[in-house]
Amino acid sequence: MADPFLSIQHVKKTFGPTTVVDDFNLDIERGEFVSFLGPSGCGKTTVLRMVAGFEEPTAGSIIVGGKDVTRLKPNQRNVGMVFQAYALFPNLTVAQNVAFGLKVAGVAKAESDKRVAEMLELIKLPQLGDRYPYQLSGGQQQRVALARALAPKPKLLLLDEPLSALDAKVRVSLRDEIRAIQKELGITTIFVTHDQEEALSISDRIAVMYGGKAEQVGAPFEIYNRPATKFVANFVGTLNVLEGVVSDAGSGRVRINTEEIGLKGKLNGSKTGDTLSLALRPEAIALGPRPGHDAKLSGEIADVHFLGSVIRVRVGIGGSKISLDTFNNSSTPPPNVGDKAEISFSSGDVLVLH
Amino acid sequence: MKSGKSWAWVTFILGAAYFFIPLIATMEFSMRMKRGEYSFEAYRVVLGDPRFQESFTFSVVAAVFTIILGVLLVVPTAYWIRLRLPQLRPVVEFVTLLPLVIPAIVIVFGYIRMYGSNSPLPFLSSDIGTSALLVIGYATLALPYMYRAVDTGLRTIDVRTLTEAAQILGAGWTTIISRVILPNVLIAVLSGAFLTFAIVIGEFTMASLLNRPAFGPYLQNIGANRAYEPAALAIIAFVITWGCMSVIQVLSRFAPKSANRPN
């Protein structure tokens, strides 16, 4: 593999006695779009701020394009950043905001004007150059912030929860736009979010963070389908967790409530009598038998939620409630609460959490 | 409900009477210089007096320098306190309030002892040095107003994020303060500047004890020796002060609107 464009090596950050980021390592290729995903306080924004230069790592180093930038000031790094609160300069027009970085860099006026026009075209707001930030909607302001960050042609683009302050519809359209622009420019990008759907939908890779560490780094498909830890499995997507007891380690039989399923090859050295946490995604479970599903459990319908195209059904099995999704079919009414039900799934879809 | 509204009007009329009757009386008196008729004779005499023009010009120039010194001192300090040292804010607020509790006479005697001709910094050994010391003293007197005005202005913008946004775009501290912070607190700075102007124009103690030809000592001198001119001067000073306040109001309409709080 070629040298990574951005390399975050053994980075640690402490604030007084609190360690916020601990031995964080990540290599990012040129042109890659990587998301830092995690709950509040997991250290994702702190890592981003260290890459930007706003925080100095307590230990470790940050290499960009082969150059150690760990101790460089933010204004010496040639990095673009978009903030959650837009951070447009209220006293400047849209065009002046976009031109700010170019003016600071001493770019000639004609060239700066040309670049500003290009950027406004890129964000599809060429007619709003003379407006002030307060005259724009949230989505427009964030687009301008993106154009301002990209205008000086930064080596790296950092996006700090740029969509959090926007309403749901704008969020989806803007995230697609951000991804399209990133692909068009081929700029290496780090995107911080606590929204898993956002991260899964636009990233080349995701670093799921918890407690200041990267729990797992991988492609969205891999993160969702093969979570490496219990935290990743729980944090990314909806997950049903069931307690099971290994009834026969040799044949891979596991007892859940009063029924047994076979999980051969998944027990990872567990012994007979061990208790396991087993996880299943709602979409991997069917109500009733289905071809290819080799495991089944019996229970009772606990509740039914009509969500439009999908009906989410919860089935009580022992002390647990298992959620499963079925497509809405106008000719088949949803099940009734209290009905007996059988659920089926493929044992291959069961995740054994460690 | 109706009686509540009547009481509000009664209170307003009483307040307005308390404020305007002395003003009208002073104005009326100032116009009786010529026997048997109302005239602006007292104003003509005052405005035509070369000492009025000299002392007023001196005080205006001193006010301009005081404002420049105040802005250079207060804007970076208040900005830095908000950005990096918020824990020091109560201490700085206390220090900026001291000129309100320490009388100007104490400050000026301190200056006379500290900066006399035998001092390593002999401000008082020349006129220009004494005037500079007077400007420094005025800046101290105006500190509570200037600091509070600027601090309030800084509170209306997201100082930290705007600073970081400018930094990541390559700006250094001078650019950040001059192109991002100052323009966004300009109205607050102007408020502080006009309050400073009003203080400097009427200040007597410092100018008198440092023996500078300022407007305050001139006002006192006229007041002690003339009848109608002091009343005319009081009205002129009042108009200047209200003019300053009106300018603040007018300028505040042109304040840059915050991105997050459009109104």
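Chain letters run A, B, ... following the sequence lines, proteins first, then strands; residues in each count from 1.
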- Task: Not counting sequence neighbours, which residues clear ring-ring contact (aromatic ring centres under 6.0 Å, His included) with Phe94(B)? List them please.
- Result: none

Residues 182-192 of chain A side chain polar contacts: donor-acceptor under 3.5 Å, at least two apart:
from	atom 1	to	atom 2	distance (Å)
Gln182(A)	OE1	Arg179(A)	NH1	2.7
Gln182(A)	NE2	Gly31(A)	O	3.0
Gln182(A)	NE2	Ile187(A)	O	2.8
Thr188(A)	OG1	Gly31(A)	N	2.9
Thr189(A)	OG1	Ile187(A)	O	3.0

- Query: When you check the side-chain N and O atoms of Tyr218(B) and Ser59(B), is any donor under 3.5 Å from an acceptor?
  - Reply: no

- Message: Angle between ring planes, Phe24(A) versus Phe36(A), binned at 30° and 60°: parallel, tilted or perpendicular?
- Response: perpendicular

- Against chain B, label Tyr132(A) side chain, backbone, both or neither, depending on which of its atoms sit under 4.5 Å from a heavy atom there. neither

- Item | Option from Thr196(B), Ile136(B), Thr140(B) for which side chain to side chain contact (heavy atoms under 4.5 Å, CB included) with Leu69(B) holds | Ile136(B)

- Item | Side chain / backbone / both / neither for Ala105(A) at chain B, heavy atoms under 4.5 Å | neither

- Item | Option in Arg148(A), Met81(A), Gln76(A) with maximal non-hydrogen atom pairs under 4.5 Å from chain B | Arg148(A)

- Lys103(A) versus chain B, the contacting section by heavy-atom distance below 4.5 Å: side chain

- Message: Is Thr161(B) close to chain A through its backbone or its side chain, or both, or neither, when contacts mean heavy atoms under 4.5 Å?
- Response: both

